[in-house]
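Worksheet for the structure shown next.
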Protein chains: 2
Amino acid sequence: MEIGDRKKKILTAVIDEYIATAEPVGSKSIVESGVLDLSSATIRNEMAELTAMGFLEQPHTSAGRIPSPQGYRLYVNELMERQRLSIDEADAINDSLSQKMKQLDKMMSDVGKLASSMTHYPAVALAAPVASTIKRFDLIYVDFNTFIAVAMLSNDSVHNKLIHLPFSVDQGMIVRLASVFNTNFVGIQEEKITPTLIGSAERACGDTMGLVSVIAAFAIDTLGKAKEGQSYVTGETHLLRLPEFRDPDKAREVMSYLSDSEHLLGLPNDGSDDDIQVIIGPENVAKELKDSSVVIARYNAGDNMKGIIGIVGPTRMDYSGVAAKLRYIAEGLSHVLAMPEAPRGFEKLQIKEMNTNGHKEDV
Amino acid sequence: MEIGDRKKKILTAVIDEYIATAEPVGSKSIVESGVLDLSSATIRNEMAELTAMGFLEQPHTSAGRIPSPQGYRLYVNELMERQRLSIDEADAINDSLSQKMKQLDKMMSDVGKLASSMTHYPAVALAAPVASTIKRFDLIYVDFNTFIAVAMLSNDSVHNKLIHLPFSVDQGMIVRLASVFNTNFVGIQEEKITPTLIGSAERACGDTMGLVSVIAAFAIDTLGKAKEGQSYVTGETHLLRLPEFRDPDKAREVMSYLSDSEHLLGLPNDGSDDDIQVIIGPENVAKELKDSSVVIARYNAGDNMKGIIGIVGPTRMDYSGVAAKLRYIAEGLSHVLAMPEAPRGFEKLQIKEMNTNGHKEDV
DNA sequence: AATTAGCACTCAGAAGGCGAGAGTGCCAGC
DNA sequence: GCTGGCACTCTCGCCTTCTGAGTGCTAATT
């Protein structure tokens with residue numbers, strides 16, 4: 001079924017209007033918007049056809065039209081303009097991004113906050129799970145019965161744990177342990193750390209007191225943590241401002257769904273990598289989001305990490321504005337995080353920061 | 001103004017009923033509840049007096065009574081029974097607590113989840129800010145231009161950072177740096193790390209490339225992070241289930257307030273240490289919580305850390321049940337976290353965990 | 001053939017009126 | 001001092017009515 005040029009214009013006008021007002025749009029307001037120089041009767045005829053074709057819906061006979069999911073889909077795919085950000089908006093994002101991006105988790109929630117406050121919709125920040133291995137092990141002797149275990153993972157993140165023992169160990173043992181771990185536990189997957197492996201490591205360094213077990217537990221824990229994706233949700237309260245979520249039960253349904261990270265981590269790991277992805281209403285797999293839309297942007301968070309930032313809102317969403325903002329944020333992030341020359345990125349920032357504090361530094 | 005025994009019974013009955021139903025309580029339902037063998041007329045007279053005294057309120061002339069904040073206050077202070085948890089509830093809490101309490105931040109959000117799911121109200125988990133100093137420094141040489149900085153704080157938490165340089169350093173320099181930091185930067189407060197100190201440290205180890213600055217920045221960052229309190233909010237959506245938050249604007253007001261951690265960290269740092277604290281409606285400093293109540297429990301999260309766990313709900317809250325649950329959780333936590341013999345606690349758990357996984361271990 | 005003006009029709013939502021019911025306050029009697 | 005009784009008040013739910021926005025269709029116009 002072909003859809004003519006004029007119909008497209010009308011559809012666009014209806015959607016723009018509906019996004020702005022949340023009220024069904026009548027033929028008259030289209031005329032008044034002035035995009036087409038036609039009488040309301042003609043518009044009515046066209047709208048009737050658009051309804052028949054499934055792009056518009058009618059809440060009841062004597063009301064205006066609202067866009068159907070299919071209508072939104074067409075809008076998102078073809079009709080909507082690629083919005084540019086205002087200078088203020090771009091500045092706001094740049095400011096936030098250039099600020100200290102301390103640690104990954106902190107950063108993720110900050111990015112979520114940024115996205116949510118820019119769009120006025122709830123934002124979801126996800127870190128895609130990554131299967132890592134341990135790259136190197138270090139044990140720092142602190143005390144006769146205390147040491148620090150440090151593990152650096154294949155994605156160059158570093159984790160540590162203070163280990164406190166109910167008995168004493170000598171420094172030699174610590175060194176031996178470290179070397180055994182560096183030979184036996186480096187480069188293997190979490191599942192490969194088996195009791196058998198632990199047993200042989202124990203024999204290798206003469207450990208009879210379970211030290212190997214303790215450190216292995218740390219390793220498993222660390223790897224497990226790296227593997228499980230993380231998610232942050234911010235700005236849920238924006239939902240309550242929207243007329244479509246005036247009903248607390250509806251709001252609660254969506255908000256509960258969002259606050260359970262289990263759900264979120266499952267969903268959106270496929271999809272084209274570089275551009276914005278829009279999921280409209282019933283296109284969502286989760287029934288809780290059947291009346292909501294999701295806009296997703298992806299970015300590379302350096303070293304094997306993929307980040308996802310998503311916005312959740314009603315199907316009547318300012319797709320074009322949200323997409324523009326997300327795109328800008330995601331691009332900015334990829335840029336900041338994965339600088340080509342110094343892939344670990346973070347330190348570069350740090351040094352810069354010190355620079356502005358007035359200490360000398362040549363980078 | 002003295003308040004008689006009978007009045008107290010009536011007040012208690014009104015509050016209990018109101019907590020259960022959220023509807024104004026009439027004299028008849030008090031009679032039917034059977035706590036007093038009096039006619040409704042007598043109850044009516046008493047209720048009129050309670051109203052005059054300010055313990056009850058009347059939404060309108062021909063409605064029943066609802067408790068005033070003052071009424072709740074009396075109820076919480078004197079009247080309500082110390083509820084015991086059911087075995088199931090206690091078990092549920094015990095189970096959750098005995099599970100892996102990985103890291104502090106993870107733990108905090110877990111505790112919040114626990115409290116929220118037990119009480120069906122939103123929960124706030126706070127870690128009181130602690131001023132720390134650095135206890136020891138270690139630098140691990142990784143690569144010609146990469147090393148890991150490890151700092152152990154006075155509260156025995158360990159932090160690390162991978163530092164990647166745009167130039168190369170030799171291992172001797174790393175060792176020198178570590179020793180300088182261990183002499184000059186240990187035991188001092190964040191504010192004391194001044195450009196002057198950094199300058200002298202640079203001279204002490206012959207650093208002309210800003211290495212000291214980079215590491216000092218890490219130190220400042222770490223100390224800063226330890227100093228800033230953390231907060232997690234969970235289960236906000238429970239609010240939407242309550243009749244007093246059917247109005248999305250009310251719900252949004254409270255939820256927005258909660259989701260801004262700035263607010264939370266300010267409030268509840270005083271107060272008696274060991275028992276439950278209840279803040280009723282207008283007793284709240286924050287105007288956003290004027291119609292809500294907060295129940296707070298404190299616990300010791302080991303090593304200088306104080307934890308706070310709070311529940312936010314309508315003034316019509318199941319104070320007794322919530323208090324009982326929070327008390328149990330807080331006591332359990334203090335217990336688990338601050339074991340007298342091995343104050344660092346976590347490892348003990350870890351070892352146990354390994355044990356149950358079938359590895360030998362004598363603790 | 002496409003567009004438009006005109007008109008009858010539909011239907012949600014606001015406004016108003018009514019009755020039921022829950023609860024009160026007070027009084028007179030026990 | 002307590003209680004039964006009674007008149008009074010006020011909210012809430014229900015029904016009806018009314019209004020107006022918007023439609024679909026037809027006949028006239030370009």
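In what follows, chains are A, B, ... by sequence order, proteins preceding strands, each numbered from 1.
Side-chain N/O atoms of S62(A) and base N/O atoms of dT10(C) include a donor-acceptor pair closer than 3.5 Å. A donor and an acceptor atom sit less than 3.5 Å apart, one in the side chain of R44(B) and one in the base of dG5(D).
Between S27(A) and dT23(D) there is a side-chain N or O to OP1 or OP2 distance below 4.0 Å. The side chain of T61(A) contributes an N or O atom lying less than 4.0 Å from OP1 or OP2 of dC11(C). When the side-chain nitrogen and oxygen atoms of R6(A) are compared with OP1 and OP2 of dT3(C), one or more of them lie within a distance under 4.0 Å.
Atom CD1 in I10(A) sits roughly 15 Å away from atom C1' in dT23(D) (whole-Å rounding). Distance CG (N45(B)) to C1' (dA28(C)): 14 Å, rounded to an integer number of Å. One can place CD1 of I43(B) at 14 Å from C1' of dG1(D), the figure rounded to the nearest angstrom. Rounding to whole angstrom units, CZ of residue R65(B) and C1' of dT9(D) are separated by 13 Å. Per the geometry, CD belonging to E49(A) stands 13 Å off C1' belonging to dG24(D), to the nearest Å. Counting to the nearest Å, the C1' atom of dA22(C) and the CD atom of E17(B) are 14 Å from each other. Taking atom CD on Q58(A) and atom P on dT10(C), their separation rounds to 14 Å, with Å as the unit. Rounded to a whole Å, the OH atom of Y18(B) is 14 Å from the P atom of dG23(C).
Along DNA chain D, the nucleotide nearest to H60(B) and the one nearest to E46(B) differ in position, and the one closer to the 5' end is contacted by E46(B).
A donor-acceptor contact shorter than 3.5 Å links the side chain of S68(B) to the backbone of G54(B).
Each of dA5(C), dC2(D), dT23(D) was ranked by its minimum atom distance to the side chain of A41(A); first place goes to dA5(C). Here the side chain of S39(B) is nearest to one of dG25(C), dG4(D), dT4(C), namely dG4(D).
Note on E244(A) versus K250(A): no salt bridge recorded, every NZ/NE/NH1/NH2 to OD/OE distance being 4.0 Å or above.
Using modelled atom types and a 3.5 Å distance limit, the side chains of Y75(B) and D16(B) yield a donor-acceptor pair. With 3.5 Å as the limit, one finds no donor-acceptor pair spanning the side chains of S116(A) and Y121(A).
Under the salt bridge (Lys or Arg N to Asp or Glu O under 4.0 Å) test applied with E49(B), the options R65(B), K7(B), R44(B) reduce to a single match, K7(B).
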